[in-house]
Amino acid sequence: MTERYRPQEIENKWHKKWEEDALYTVDLDDSTDHFYFLTMLPYTSGDLHVGHWYAMAPSDAAARYKRMRGKRVFFPIGFDAFGLPAENAAIKRGIHPRKWTYENVDRMRGQLRSMGAMWDWSHEAISADPEFYRWNQWFFIKMFEKGLAYRKKAPANWCPQDQTVLANEQVLPNGTCERCGATVVQRDLEQWFFRIRNYADELLDFSHMEWPEQIVTMQRNWIGRSEGLEVEFGLEIPGLEEKAIRVFTTRPDTIFGVTSMVLAPEHPLVPLITTPDRKAEVEAYIAQARRQTEIERLSTEREKTGVFTGAYCKNLLSGEQVPIWIADYALLWYGTGAVMGVPAHDQRDFEFAQKFGLPCPVVIAPPDWDGSALEEAYTEPGTMVNSGQFDGITNEDGKKAIADYVEQQGWGKRTVTYRIRDWLISRQRYWGTPIPMVHCPVHGEVAVPEDELPVLLPEDAEFKPTGESPLARHEGFLNTTCPKCGGPARRETDTMDTFMDSNWYFMRYLSPDYSDGPFRPDLAEAWSPVDQYTGGAEHAVMHLLYVRFFWKVMRDMGMVEGPEPFKRLFNQGQILGPDGQRMSKSRGNVVAPDEQVQKYGADTFRCYLMFIGPWDEGGPFRLDGISGIERWLNRVWTAALEPPKFGQVDEAATRGLRRLTHKTARRVTEDMDEYRWNTAIAALMEMTNGLYAVREKGVVDRSAWSDAISALVRMTAPLAPHISEELWERIGGPYSIHQQAWPTWDADLVREEEVTLVVQVNGKVRDRIQVPAGIDEETAKATAMASPHVKRYVEGQPVRRVVYIPGKLVNIVVG
RNA sequence: GCCGGGGUGGUGGAAUGGUAGACACGGCGGACUUAAAAUCCGCUGCCGAAAGGCGUGUGGGUUCGAAUCCCACCCCCGGCACCA
């Protein structure tokens, strides 16, 4: 008897050995057959949870598979270490964020190692290291110099109780502070932005990437391009310089139906046009709008609100006077901050008009319209009516005709508007990259000179919430001199959004110790773009859009080549608790991977995660199936180490074994190419079951058996790297299995000798007959007709048709 | 409301126009064992004694043949949501 499979022993043994041998260290200077496999870097939240395993273990399997297929695979890892969770945890525990973060890094490194993944730790990068964030600052300065970073006033969530700025996630859905329950208000602060809108059109081009359709659609909607017309409405207010209100519309065809002009409450014209008798009401409305968070303001559940300013503008096409209102559904930052209200053809305007008693003239007639009033807005195609010279044409033609006319008259022009806003990058927080700018009373915004980078994050700042950016209270940090004039100046005290780190971390991995730039240009050229990126779909419109934007910025700086950073993207599904709910400590449904690894071993745990279902679906994690994987790996162990008692060789059985081996190689290869781990494992289980059946009889050829075991163990290697390495050594394979070639298959050997011919009568299965694989049509049909089970259903009825699918099926149509 | 994904045995799932339920869990039976665990072998969609019938969310359609394609509807999950 061979000794039993003891996962914990062999796993520790091989971790040590692999590390000593630097088995997974890649020399990037050789980029032959390179393949960059990247997994989203983990946040330093503390312990590795099942979600990390679910994201990373299959990624590792995929990277290992690529390696065995002959690629030089770079598979790096690092830590996303800045950000609010660390700061909050530090505040709660009264320890420094750096201490909390780096202790977590140490713990997580150990947990990550237990997975047995082939990460190249020699290329690790941590975003909170000064040598990393130095280059965030460098990039910021470059972007400032190119006009891609700019400063302007923008509202931030402000908690008047805690006297602090809150991130959106810290504001509860009812608009209160998650910490103290006070009502959060909007407060304007000078903040930094990146001009992502400059790249909006380019970001809509997805032709150079193989990404899930879902993510592409989400990004497309997020960018939200709409084509329309910007058109002026006349303003004649005594003493007012402004002679027009500009609106953006995608429906120029409805312009004759305008019965109101609605401005955003913050629109700069509002205080200038409001009549004295409306002033009090208008100001009260603006004040209440400002008190609401954007989430509340944009809720579609709410009834429409608004107030009349007392002023009117002129519809230049119809000549009509139009009352000017303000309402919070008009958004200052979208379009021109003004909406033309067409109640008959826009549901939102319809509700607004209903509430305030505004008229609702129809200008696009529905096909069967009898002239009666509408019950709701009509937004379908129709014929133009009540639209002066444009009457009688379809509204689609009307769109063009009116846009042409407006452009001819010089009242406006066709434009494109985007939903996406510039990227607000300022955070009024401590634990992040300091923005490397200086505010000089004489020279204004001045960038810190490159040779003074990094602007270090002071370790002794008071990071507990006080009402200001933590760095603003640190005198030593705050007070500096102007790089231009040497006079006294103040440092910028905001830090950067941590999505800045994830913009380029994968490039830092290439040369984490490089100090002449963010990354070595020659390695960037040889190893980018990333061939395969894997991670969660929750990053669809933040990280995955920012990183594409930033890549294009780097490209325009001449630092990288090509249109996109990631050729292929794969989103794994989300793993839920056994109850089907998101895992959380408060629900008590958290499965701790460490315990499971302790109990079953990393190989079993990895394989089980891959076996429960398709990788992109995720789903509830129940432990009750894990014994199936445990048994399977035990059977692989036994099959590999306890061969049959070879005796009289049966040729057919030997051919059968070879067929099983080659067939499995084909199936597993195809499945692994598509990351279909569950079916790949099922195929390996079937092969293992087949080997067991053969082993009982012991009538196969020795070499067919050892070929089968060799292939089985190699195909198991990407999934369960430790047990396969151990078995490989024990069956006498050269170290390391992870450097061996992937099994190939021979199509001739895969071919079956016999097939099951399914016989149907009128589409219902009536018999299954074993026939030689090469059977011809005539023989197949005759065999089918001869079947007694078939005869019963055919007899006495005319055969109308016989359908034959070669080697598979005969369908006899009677009646 | 809009966009995307999905609905298959007791359970996780397989099958993308041709044998529905691969593989696995669980269950049942057997072998081994003093016994249990582990291990090994067999059976296991539902109804039916059998013959056979029924069966992939619901209803209809296309086809010799539909889980798979088309139409309508219901439900679940994810994302976006007053975008002019």
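Residue numbers start from 1 in every chain, and the chains themselves are labelled A, B, ... in the order their sequence lines are given, proteins ahead of strands. The basis for the numbers below is simple: all heavy atoms, side chains too, and nothing from hydrogens, waters or symmetry mates.
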Check your understanding: Does a side-chain N or O from Arg348(A) land closer than 4.0 Å to OP1 or OP2 of C83(B), or not?
Key -> yes
Point to revise | A81(B) OP1/OP2 closer than 4.0 Å to side-chain N/O of Asn221(A) | key: no
Check your understanding: Quick one: on RNA chain B, does Ile629(A) or Gly619(A) contact a more 5' nucleotide (nearest heavy atom)?
Key -> Gly619(A)
Review point. Base, sugar-phosphate, or nothing: which does Val758(A) touch, judged by heavy atoms less than 4.0 Å apart?
Key: base
Point to revise | Whole-angstrom distance between C23(B) and G13(B), as gauged at atom C1' | key: 8 Å
Point to revise | Comparing Thr336(A) and Arg676(A) on RNA chain B - which has the more 5′ nearest nucleotide | key: Arg676(A)
Practice item. Take atom CH2 of Trp222(A) and atom P of G4(B), then tell me their distance rounded to the nearest Å. Key: 18 Å
Review point. Going by an N to O cut-off under 4.0 Å, is there a salt bridge joining Asp346(A) and Arg348(A)?
Key: yes
Review point. For the side chain of Met218(A), counting heavy atoms from C-beta on, which of G79(B), G13(B), C40(B) is nearest?
Key: G79(B)
Point to revise | Separation of U16(B) P from Glu674(A) CD (nearest whole Å) | key: 13 Å
Review point. Distance from Ile575(A) atom CD1 to Tyr54(A) atom OH, nearest 0.5 Å?
Key: 4.5 Å
Point to revise | Listed nucleotide nearest any side-chain atom of Glu686(A), set G52(B), C40(B), A22(B) | key: A22(B)
Exercise for review: Looking at every strand, decide which applies to Asn689(A) at a 4.0 Å heavy-atom threshold: base, sugar-phosphate, or nothing.
Suggested key: sugar-phosphate
**Study point:** Options G13(B), C23(B), U19(B), nucleotide nearest the side-chain atoms of Ala682(A)
**Key:** C23(B)
**Study point:** Test item: Val759(A) and Ile769(A) side chains (from C-beta on) under 4.5 Å apart, heavy atoms
**Key:** yes
Check your understanding: Quick one: Glu630(A) CD to C23(B) P, roughly how many Å, whole number?
Key -> 20 Å
Exercise for review: Examine G53(B): is either OP1 or OP2 under 4.0 Å from a nitrogen or oxygen in the side chain of Arg766(A)? Give yes or no.
Suggested key: yes
Practice item. Classify the side chain of Arg631(A) versus the base of A24(B) as yes if they form a donor-acceptor pair under 3.5 Å and no if they do not. Key: no
Point to revise | Integer angstrom distance from the P of A49(B) to that of A38(B) | key: 35 Å
Practice item. Take atom CH2 of Trp637(A) and atom C1' of C40(B), then tell me their distance rounded to the nearest Å. Key: 19 Å
Review point. For G65(B), does OP1 or OP2 lie under 4.0 Å from any side-chain N or O of Asn762(A)?
Key: no
Practice item. Look at all strands and tell whether Tyr793(A) reaches a base, only sugar-phosphate, or nothing, counting heavy atoms closer than 4.0 Å. Key: sugar-phosphate
Check your understanding: For C54(B), does either OP1 or OP2 sit under 4.0 Å from a side-chain N or O belonging to Lys764(A)?
Key -> yes
Practice item. If the glycosidic angle is within 90 degrees of 0 it's syn, otherwise anti, so just tell me which one G9(B) is. Key: syn
**Study point:** Who pairs with U11(B) - Watson-Crick or G-U, where each distance is under 3.5 Å
**Key:** A24(B)
**Study point:** Student check: side-chain heavy atoms of Leu569(A) and Met209(A) closer than 4.5 Å
**Key:** no
Check your understanding: Rounded to whole angstrom units, what separation is found between the CZ atom of Phe621(A) and the P atom of G13(B)?
Key -> 13 Å
Review point. Taking NZ, NE, NH1 and NH2 as the nitrogens, is one of them in Glu670(A) or Arg676(A) under 4.0 Å from a carboxylate oxygen of the other?
Key: no
Point to revise | Who pairs with A67(B) - Watson-Crick or G-U, where each distance is under 3.5 Å | key: none
Study note, to complete from the structure: d(Ile326(A) CD1, His267(A) NE2) to nearest 0.5 Å is 11.5 Å
Study note, to complete from the structure: Against the side chain of Val803(A), the closest entry in G13(B), A20(B), C64(B) is C64(B)
Review point. Counting only Watson-Crick or G-U wobble pairs whose two distances fall under 3.5 Å, which nucleotide matches C2(B)?
Key: G79(B)
Check your understanding: Side chain of Arg792(A): nearest nucleotide among C64(B), C83(B), A51(B)?
Key -> A51(B)
Check your understanding: For Ile612(A), which contact category applies under a 4.0 Å heavy-atom criterion: base, sugar-phosphate, or nothing?
Key -> sugar-phosphate
Check your understanding: Of the nucleotides C64(B), C80(B), A14(B), which one has an atom closest to the side chain of Arg801(A)?
Key -> C64(B)
Exercise for review: In whole angstrom, give the distance that lies between atom CZ of Arg4(A) and atom C1' of C40(B).
Suggested key: 16 Å
Review point. For the side chain of Phe611(A), counting heavy atoms from C-beta on, which of C3(B), C23(B), A14(B) is nearest?
Key: C23(B)
Point to revise | Counter-base of G52(B), judged by Watson-Crick or G-U geometry with both distances under 3.5 Å | key: C47(B)
Point to revise | OP1 or OP2 of C80(B) under 4.0 Å from side-chain N/O of Arg220(A) | key: no
Exercise for review: Any strand is fair game: report the nucleotide pairing with A37(B) by Watson-Crick or G-U wobble, both distances under 3.5 Å, or none.
Suggested key: none
Review point. Which listed nucleotide (A22(B), C83(B), G18(B)) is nearest to the side chain of Lys808(A)?
Key: G18(B)
Check your understanding: How would you label the contact of Asp624(A) with the nucleic acid (heavy atoms, under 4.0 Å): base, sugar-phosphate, or nothing?
Key -> sugar-phosphate
Review point. Are Glu351(A) and Lys355(A) close enough for a salt bridge, meaning some N to O gap below 4.0 Å?
Key: no
Exercise for review: Quick one: label Thr417(A) by what it contacts on the DNA or RNA (base, sugar-phosphate, nothing), any heavy atom closer than 4.0 Å.
Suggested key: nothing
Exercise for review: May I ask you to verify if any side-chain N or O of Ser226(A) is less than 4.0 angstrom from the OP1 or OP2 atom of A84(B)?
Suggested key: yes
Exercise for review: Taking only the side-chain nitrogens and oxygens of Arg622(A), find out if one of them lies under 4.0 Å from OP1 or OP2 of G12(B).
Suggested key: no
Revision key, fill the gap. Asn678(A) has its side chain closest, among A84(B), C25(B), G13(B), to G13(B)
Check your understanding: Considering only C82(B), C40(B), C23(B), which nucleotide approaches the side chain of Arg635(A) most closely?
Key -> C40(B)
Exercise for review: Using a strict 4.0 Å threshold on nitrogen-to-oxygen distance, state whether Glu320(A) and Lys314(A) make a salt bridge.
Suggested key: no
Point to revise | Between A15(B) and A22(B) - P atom distance, rounded Å | key: 12 Å
Review point. Does A81(B) have OP1 or OP2 sitting under 4.0 Å from an N or O in the side chain of Arg419(A)?
Key: yes
Practice item. Please state whether the phosphate of A84(B), meaning OP1 or OP2, lies under 4.0 angstrom from any side-chain nitrogen or oxygen of Tyr329(A). Key: no
**Study point:** side-chain hydrogen bond (donor to acceptor under 3.5 Å, both in side chains) assessment of Asp201(A) paired with Tyr418(A)
**Key:** CA-CA 9 Å; Asp201(A) 271 322; Tyr418(A) 300 92; 2.6 Å; yes
**Study point:** Distance, P atom - from A81(B) to C76(B), rounded to whole angstrom
**Key:** 22 Å
Review point. Just checking Pro614(A): base, sugar-phosphate only, or nothing, at a heavy-atom cut-off of under 4.0 Å?
Key: sugar-phosphate
Exercise for review: Give the rounded distance in Å between these two atoms: CD of Glu538(A) and P of G5(B).
Suggested key: 19 Å
Check your understanding: Can you say whether the rings of Phe570(A) and Trp615(A) are parallel (under 30°), tilted (30 to 60°) or perpendicular (over 60°)?
Key -> parallel
